[in-house]
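Heads up: the structure comes next, in structure tokens.
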Amino acid sequence: MTLALAVENDELVVDVPEHPPVRLPLTGEVRARTMLIFGYPGRGRTRYGLAVLDDSGLVMLEAPGARSREEVEAFAAANGLEFEFRTFDTPQRARVALARRSPRWRAVTWRRAPAPLPRLRVPGARSLRPPLSSPKVWWREQLLYVLMWAVLAYGVAFVALVLLNLTDTRADVTRGMGPLGIVALVLAGLTVVGAVVVVGIGRRRTRRQTAQGRVLRREGQPHCRLVVVHERLLLETARRTRELEASELLLYSAESGVSGLLVGGGLFHLPGRWDPEEVERFASGNDLQLQVRALTHEEYLTLSAQARDAAP
């Protein structure tokens, strides 16, 4: 991702294509202090990124992608900023560090090219393994998932055959309209009906889960939400879904202006804005202990650093 750095009127300007320029103050109480190039182990390779930290070491800006260490270090030295290169041992430690947001936090991402085909899945959250209480329900969901793909595969094959038949000028378009043709048309109709039913079931279940306090969403981006499926607490982000073992939630707001959610006594740190009423409804509806606290700046620094994992 192309990223341009400049200093204008006591502000650090970060210019990224497809984004409005990000301006970070270089003076005042909350100001940019350190340019950090970080790395952490990924799938088969080391992943890198650039972050700007304030005086407390909190993240003001995060931009993924590798950059020249020499160029960033020279830019920092020329503009009175400190430079740091840090390699994290695990992705978890990197996420914990990047989740420690500054009141001036901004995230910079790049727009990926659209996939050639849309990603399809059964609407609504699915549990990762059979629950002990109701395994039959879980297996019915897996059967629905398999049937959806089977119906989709048949629909694609049927449409492809029809198009091939219509585009072949030498073929007889009335061919195959015997018993097998009638069965094919019926199955094509069932394909459409089945797709409508699957989508309708998923949307209705999502609405019901939201009304019953089964879904809790973080406001804004990046995408993050908590979902309860078959008495299992799932954390869903843009990259993956994982299962959490937790019985308590801590909704915090620090005096510096940052807020977030700690799940399971610091098991997971989920920074960002969470609606207090929705958090309370989610906790009461799923037998989770909820604690609401106003933290000092020092308490926030301590709690955010002690988390075992995070979703920045």
Membership question, hydrophobic clusters at under 4.5 Å side-chain separation (ILVMFWY): are Leu270 and Leu290 in the same one? yes
Considering all heavy atoms of both residues, which atom of Leu267 and which atom of Glu245 are nearest to each other, and what is their separation? CD2-O, 3.6 Å
Could you tell me whether Glu278 and Arg217 make a salt bridge, using a distance below 4.0 angstrom between a side-chain N and a carboxylate O? no
So, do Leu301 and Arg100 sit near enough that their side-chain heavy atoms are less than 4.5 Å apart? yes
Measure the CZ-CD distance between Phe85 and Glu73 for me, rounded to the nearest 0.5 Å. 11.0 Å
Are Glu11 and Glu8 packed together at the side-chain level, in the sense that at least one heavy-atom pair is separated by less than 4.5 angstrom? no
Over all atoms of both residues, closest heavy-atom pair of Arg86 and Ala97: NH1-CB, 4.5 Å
Identify the two heavy atoms, one from Ala307 and one from Val96, that lie closest to each other, and give their separation to 0.1 Å. O-CG2, 3.5 Å
Give the cluster check for Val59 versus Val30: same hydrophobic cluster or not, with ILVMFWY residues linked at side-chain heavy-atom distances below 4.5 Å. no
Cluster overlap Leu226 with Val228, hydrophobic side-chain contacts below 4.5 Å: yes
Output yes when a side-chain donor or acceptor of Arg67 lies under 3.5 Å from a complementary backbone atom of Pro64, and no otherwise. yes
Using distance only, find each side-chain donor-acceptor pair of residues 37-53 under 3.5 Å and give its atom names and separation, not counting sequence neighbours.
none

Between Leu12, Val14, Val13, which is the residue that forms a side chain to side chain contact (heavy atoms under 4.5 Å, CB included) with Val22? Val14
Assess the residue pair Asn286 and Leu233 against the criterion (side-chain contact (heavy atoms from CB on, under 4.5 Å)); give the C-alpha distance rounded to whole Å, side-chain angles, the decisive distance to 0.1 Å, and a yes or no. CA-CA 9 Å; Asn286 298 288; Leu233 180 62; over 6 Å; no
Shortest non-hydrogen contact between Arg95 and Pro312, atoms and distance: O-CG, 3.5 Å
Distance check, rounded to the nearest 0.5 Å: Arg308 atom CZ versus Thr90 atom OG1? 13.0 Å
For Pro271 and Ala311, which heavy atoms make the closest approach, and how far apart are they? CD-O, 3.4 Å
Is it the case that the side chains of Ser102 and Asp54 hold a donor-acceptor pair, with the cut-off being a distance below 3.5 Å and no angle test? yes
Would you indicate whether the side-chain heavy atoms of Glu82 and Glu84 approach each other to under 4.5 Å? no
Which pair of heavy atoms, one from Glu248 and one from Leu288, lies closest together, and at what distance? N-CD2, 4.3 Å
Within the 4.5 Å heavy-atom criterion, are Leu26 and Val7 side-chain neighbours or not? yes
Criterion side-chain contact (heavy atoms from CB on, under 4.5 Å) on Asn79 and Leu5, from CA distance to verdict: CA-CA 11 Å; Asn79 294 279; Leu5 299 173; over 6 Å; no
Please evaluate residues Ser68 and Phe75 with respect to the criterion side-chain contact (heavy atoms from CB on, under 4.5 Å), reporting the C-alpha separation (whole Å), side-chain torsions for both, the decisive distance (0.1 Å), and the verdict. CA-CA 11 Å; Ser68 170; Phe75 175 85; over 6 Å; no
Heavy atoms, side chains only, cut-off 4.5 Å: are Thr237 and Pro222 in contact? no
What do the steps show when you test Leu58 against His297 for side-chain contact (heavy atoms from CB on, under 4.5 Å), and what is the final call? CA-CA 11 Å; Leu58 302 178; His297 185 63; 3.8 Å; yes
Filter on ring-ring contact (aromatic ring centres under 6.0 Å, His included), then keep only pairs touching residues 238-261, sequence neighbours left out; what's left? Tyr252-His269, Tyr252-Tyr300
From Glu62 atom CD to Leu36 atom CG, the distance as rounded to the nearest 0.5 Å: 10.0 Å
Same cluster or not: are Leu24 and Met35 linked, directly or through other Ile, Leu, Val, Met, Phe, Trp or Tyr residues, by side-chain heavy atoms under 4.5 angstrom apart? yes
Just by distance, do the side chain of Arg104 and the backbone of Arg31 share a donor-acceptor pair under 3.5 Å? no
Flag, side chain of Arg33 to backbone of Gly57, donor-acceptor distance under 3.5 Å: no
I'd like to know if Met60 and Trp105 are part of one continuous hydrophobic network [Ile/Leu/Val/Met/Phe/Trp/Tyr, side-chain heavy atoms within less than 4.5 Å]. no
Please answer whether the main-chain N or O of Glu277 pairs with a side-chain N or O of Asp275 as donor and acceptor at a distance below 3.5 Å. yes
Using 0.5 Å steps for rounding, measure from the CG atom of Leu262 to the CG atom of Leu295. 8.0 Å
Counting only heavy atoms not in Glu280, do more than 12 fall under 6.0 Å of its CD? no
Report the distance from atom CG of Leu244 to atom CZ of Arg232, rounding to the nearest 0.5 Å. 12.0 Å
d(Leu61 CG, Leu98 CG) to nearest 0.5 Å is 11.0 Å
